[in-house]
**Q** 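Pasting in a structure now, in structure tokens, and then I'll have a few things to ask.
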Amino acid sequence: MPSKPSYDPAIAGEFPTFVTHLECSYTGERFESGQLHGLSPAGKPILVRYDLEALSQAVSKDELAARPGGFWRYREFLPVREAKNVVSLGEVITPLLSLPTLAGKGGELIVKDEGRLPTGSFKARGLALAVSMAKELGVRRLAMPTNGNAGAAMAAYATRAGMETTIFCPDDTPEVNVSEIEYQGGKVYRVNGLINDCGKIVGEGKELTGWFDCSTLKEPYRIEGKKTMGLELAEQLGWDVPDVIFYPTGGGTGLIGMWKAFDELEAIGWIGSKRPKMVAVQSTGCAPIVKAYDDGEEHAPLWENAYTHASGIRVPVAVGDFLILRAVRESGGFAIAVTDEAIALSQAEVAQKEGVLLCPEGAATYAAYKQSLQDGRIKESDRAVLYNCATGLKYPMPTISRTLDKNQPIDFSAI
Ligand SMILES: *Cc1c(COP(=O)(O)O)cnc(C)c1O
């Protein structure tokens with residue numbers, strides 16, 4: 001299929017790349033770029049490394065400021081070599097919404113609303129990059145396990161690129177996710193298990209089927225897409241970072257990606273050495289990272305009988321566990337679990353007091369903010385950023401039964 005012409009000047013034209021090599025995040029073993037990679041031989045995620053010196057010569061903050069929106073504006077920080085391989089669905093810069101009535105005294109509470117991205121979640125960032133790189137490297141068939149949003153994003157971007165996708169999700173994945181995956185050209189199977197069981201199926205089938213495994217952190221590029229959350233946030237704050245970031249943590253791609261972004265920005269002198277406290281937010285029904293953090297462990301063993309309504313963070317085991325824990329600890333942050341009840345109350349509170357409809361996972365970050373204030377783990381005066389990872393419109397809301405009969409006299413004083 002010929003690639004579609006691009007109407008976005010940020011996407012057209014040259015894509016100078018500054019990738020030098022890839023690297024195992026655990027052992028440091030180096031690999032050549034320009035080839036397909038999954039996990040490293042050590043079974044750990046592979047990270048992309050850049051010639052940051054050359055990168056900083058090639059683009060300035062001012063040049064960047066003049067470019068159109070969307071994360072492709074950060075192309076020098078991304079691995080795609082040729083503009084024709086960029087697969088785009090019209091990404092936008094996601095807004096920062098302040099929640100003044102809910103902020104601590106003298107502080108700032110800001111939602112980064114990722115629900116505005118294509119397919120309605122921040123999974124678009126990671127999958128746009130993974131699919132674009134898969135296209136560049138000649139992949140035709142992709143597969144992944146998903147709790148919903150990642151599958152939807154992969155199906156949409158891959159279909160746009162003319163690739164096939166096979167997707168496995170837990171059988172209680174939100175209906176809307178299952179439908180959007182299939183409707184956007186993916187082939188989706190409901191599996192009577194959790195996301196790690198789905199991941200096992202992809203692993204077992206990939207030899208025979210020729211699938212490229214796009215599981216969280218099992219290929220090097222989704223994290224580069226999620227890295228743009230850190231670049232974008234810093235740019236929006238005038239090349240500064242907030243005091244604390246609350247991130248709803250499943251596989252942890254976004255938290256690890258933002259941490260990488262801040263390191264790269266400091267290396268080129270665009271931000272200083274200040275880092276936000278990175279806070280990994282999970283549900284009490286599935287909190288492997290919180291347990292490992294509390295226990296002082298480097299890795300987080302599988303969480304048995306994982307349960308939470310916030311399906312995006314129902315991830316019993318994460319291949320990047322040590323990277324999440326490292327970022328959290330190095331940043332002076334922490335990991336915190338909130339109950340499903342607190343999540344539901346928080347979602348209602350933000351919707352009703354600020355008119356901002358969070359998804360359950362986004363609401364978990366507000367619940368965690370309140371709990372952390374109470375515990376004294378953060379300060380009232382902190383500038384805190386909450387990640388709302390998906391549009392609240394994808395999730396069930398309370399049904400409303402109030403009616404009015406137009407054929408009867410209306411008592412307006414009672415309305
Ligand atoms: C994927 C997802 C998360 C978790 O993101 P990770 O970066 O994989 O930890 C949280 N919330 C929603 C809605 C998601 O789709």
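Note that ligands are numbered from 1 as they come in the structure, with each ligand's atoms numbered from 1 the same way.
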**Q** Can you tell me if G252 contacts ligand 1 (heavy atom of the residue under 4.0 Å from the ligand)?
**A**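 Judged by the 4.0 Å heavy-atom criterion, G252 does count as contacting ligand 1.
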**Q** With heavy atoms only and a cut-off of under 4.0 Å, state how Y387 meets ligand 1: side chain, backbone, both or neither.
**A**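 Neither; nothing of Y387 gets under 4.0 Å from ligand 1.
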**Q** Could you list which atoms of ligand 1 come closer than 4.0 Å to a heavy atom of K226?
**A**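 Taking each heavy atom of K226 in turn, ligand 1 has 5 (O), 6 (P), 7 (O) under 4.0 Å.
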**Q** Could you identify the single nearest non-hydrogen protein atom to atom 12 (C) of ligand 1 and state the distance to 0.1 Å?
**A**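 Looking at atom 12 (C) of ligand 1, the protein heavy atom closest to it is C389 SG, 3.6 Å.
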**Q** Looking only at distances, please establish whether an N/O atom of ligand 1 is found under 3.5 Å from an N/O atom of T253.
**A**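 Right, the criterion is met.
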**Q** Taking N or O atoms only and a 3.5 Å limit, does G251 qualify as a polar contact for ligand 1?
**A**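 Yes, since at least one N or O of G251 sits under 3.5 Å from an N or O of ligand 1.
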**Q** Non-hydrogen atoms of T216 versus ligand 1: any pair closer than 4.0 Å?
**A**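 No; T216 lies far enough from ligand 1 that no heavy-atom distance drops under 4.0 Å.
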**Q** Taking N or O atoms only and a 3.5 Å limit, does C359 qualify as a polar contact for ligand 1?
**A**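 There is no such contact.
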**Q** Considering only heavy atoms of T249, which atoms of ligand 1 have at least one such atom less than 4.0 Å away?
**A**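 This gives 9 (O) as the contact atoms.
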**Q** Decide if the gap between the ring center of F77 and the ring center of W270 is smaller than 6.0 angstrom.
**A**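 Under 6.0 Å, so yes.
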**Q** Going by the ring-ring contact (aromatic ring centres under 6.0 Å, His included) test, which pairs reach into residues 111-138, not counting sequence neighbours?
**A**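 Non-adjacent pairs meeting ring-ring contact (aromatic ring centres under 6.0 Å, His included): F122-Y247.
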**Q** Flag L255 as yes when one of its N or O atoms lies below 3.5 Å from any N or O atom of ligand 1, and as no otherwise.
**A**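 No: no nitrogen or oxygen of L255 is under 3.5 Å from one in ligand 1.
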**Q** Quick one: pull up CD in Q347 and CD in Q352 and give me the separation to the nearest 0.5 Å.
**A**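 If I round to the nearest 0.5 Å, the distance is 10.0 Å.
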**Q** Would you say the side-chain atoms of E108 and S98 include a donor-acceptor pair closer than 3.5 Å?
**A**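 Side-chain D/A pair, E108 to S98: absent.
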**Q** Consider ligand 1: state whether an atom of it lies below 4.0 angstrom from any non-hydrogen atom of P248.
**A**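 Within the 4.0 Å threshold, so yes.
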**Q** For K61, is there an ion pair with E235 - N to carboxylate O distance below 4.0 angstrom?
**A**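 Not counted as a salt bridge, because no side-chain N and carboxylate O are separated by less than 4.0 Å.
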**Q** Show which atoms of ligand 1 fall inside a sub-4.0 Å distance from at least one heavy-atom site of Y395.
**A**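 Selected atoms, number and element: 13 (C).
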**Q** Quick one: sort the Y369 and Y366 rings into parallel, tilted or perpendicular, breaks at 30° and 60°.
**A**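 Parallel, since the angle between the ring planes stays under 30°.
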**Q** Roughly how far apart are L194 CG and S311 OG, rounded to 0.5 Å?
**A**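 Between atom CG of L194 and atom OG of S311 there are 11.5 Å.
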**Q** Tell me the protein heavy atom at minimum distance from atom 2 (C) of ligand 1, and give that distance in Å.
**A**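 Checked against all protein heavy atoms, atom 2 (C) of ligand 1 sits closest to K123 NZ, 2.3 Å.
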**Q** What's the shortest distance from atom 7 (O) of ligand 1 to any protein heavy atom, and which residue and atom give it?
**A**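 That would be Y247 OH, 2.5 Å.
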**Q** Measure up the H299 and F322 rings against each other and bin them: parallel (under 30°), tilted (30 to 60°), perpendicular (over 60°).
**A**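 Tilted, since the angle between the ring planes falls between 30° and 60°.
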**Q** Please walk me through it: do T94 and K112 pass side chain to side chain donor-acceptor pair (under 3.5 Å)?
**A** CA-CA 7 Å; T94 63; K112 182 134 175 83; 2.7 Å; yes
